[in-house]
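Residue numbering restarts at 1 for every chain, and letters A, B, ... go by the order of the sequence lines.
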Amino acid sequence: MGMYELIGIGLLALNLVVLTVVATRKSPPPPPPPDPHPESVPQPQLSPEVRGRLEQQAAATFEAAIAKATGQFGKDLDATSSRLNALIVKLTTEIVERELKDYKEGIEAARQAAIDSLGKVQAETMERQKSLQRDIEAELSERRKQLMERVDQRLGEAAVAYIVESLGQGADLGAQRNWLLDSLERHKADLKKDLADEA
Amino acid sequence: MKPKLPDSLYSVDQVLAVAEELHQYGRQVAGRGSKVDTKELSPAAADLLATLPAGQRDESPAIEELREGLEELAATAAVITLVLAASPSAQLKQELTSWLRTNVRPRLLVNFHVDPEIAGGIVIRSTNHIFDNSFRSALIANQAQFTKVLGRV
């Protein structure tokens, strides 16, 4: 059973007590029931004055007792109410503080999780960006190299074609004599080996 | 008989032509029974005939044996082909042939081809290899150097 239920039951019981006391104070005590056998028990005979005076005294005594009890009960009720109010305020404050603390912790955890997630996303984005940059630079470098090779090749071919066309049949083999003999000398061992293998 | 090859006799076709020439010359010698003027022979045939001992140069069997030796040589000799950018002079052919017979193998034959596309230098083809020392291949091999040179101009 929760705290609120206990408080509710306490308040309900308090109300019942208060209502009972108030009802008791407003209605006089009921008259004694008529004797079913009046003839079997002898009843003292009081004069109406005495009887009236006794009744007044009893009523006064009763009312005084009730007033005293009611006053004491009121004080107790006030004290109880004060304590209950303080307890309710305390409990409410604690509950609110606890809920607020939980809420703050939840918010903090969510904020931290968001920060972590954002940091992770940023790190992944940076890594991806670097990777893409590396790929692009490598691709550009490769393309540049290929283009340069093509340019070199074209220029080389153009130069060779120009030289071949310019020399044509007029190549002076006499001037190349040393070149020719050097070429043969350079491959002398290879030629000997090749012809030896053939034999 | 293995004739000593003069440097003026270098290619397979030339050897076969000289063999045929000697064959005809031998028949003339046999028919006349006397000396035949060698001035009608080609320089290569005359040089080859001069390798015979003096007493055998007018004898048909010796000439025929020389011819047979030439035909066998044409069929079996190692052949190296030299490709040049232009037609070489006879002197250059003999010089290159002499070098090859001195430094590689004495009894080899040399075929000369002309290919202007190589621009200059020489391409050597032996039995199993090609050694390209032409200007064209040298230029192509140094294309990067060519662009560097262009950059300096």
For the hydrophobic clusters of this structure (ILVMFWY residues joined by side-chain heavy atoms under 4.5 Å, transitively), does one cluster hold both A:L147 and A:L140? no
Treating Ile, Leu, Val, Met, Phe, Trp and Tyr as nodes and any side-chain heavy-atom pair under 4.5 angstrom as an edge, say whether A:V96 and A:V89 lie in one connected cluster. no
If you round to the nearest 0.5 Å, how far is CD1 of B:I124 from CG of A:D194? 11.5 Å
Spacing of B:H129 atom NE2 and A:K193 atom NZ [to the nearest 0.5 Å]: 7.0 Å
pair [X]-[Y]: side-chain heavy atoms closer than 4.5 Å:
X	Y	answer
B:E95	A:L181	yes
B:F131	A:R186	no
A:L180	B:L82	no

Heavy-atom closest pair, residues B:I122 and A:W179: N-NE1, 4.0 Å
Heavy atoms only: give me the nearest B:A78-A:L195 pair and the separation to one decimal. CB-CD2, 3.7 Å
Options B:L100, B:V104, B:L96, ranked by heavy-atom pairs under 4.5 Å with chain A, top entry: B:V104
For chain B, the option from A:H187, A:M148, A:K192 that forms the most heavy-atom pairs under 4.5 Å: A:H187
Count the heavy atoms belonging to other residues, nucleotides or ligands that lie under 6.0 Å from CZ of B:R101, then report whether that count exceeds 12. yes
Please check if atom CD in B:Q24 has more than 12 non-hydrogen atoms from other residues, nucleotides or ligands closer than 6.0 Å. yes
Any chance you could lay out the side chain to side chain contact (heavy atoms under 4.5 Å, CB included) test for B:N103 and A:L184, step after step, and finish with the verdict? CA-CA 9 Å; B:N103 294 282; A:L184 291 175; over 6 Å; no
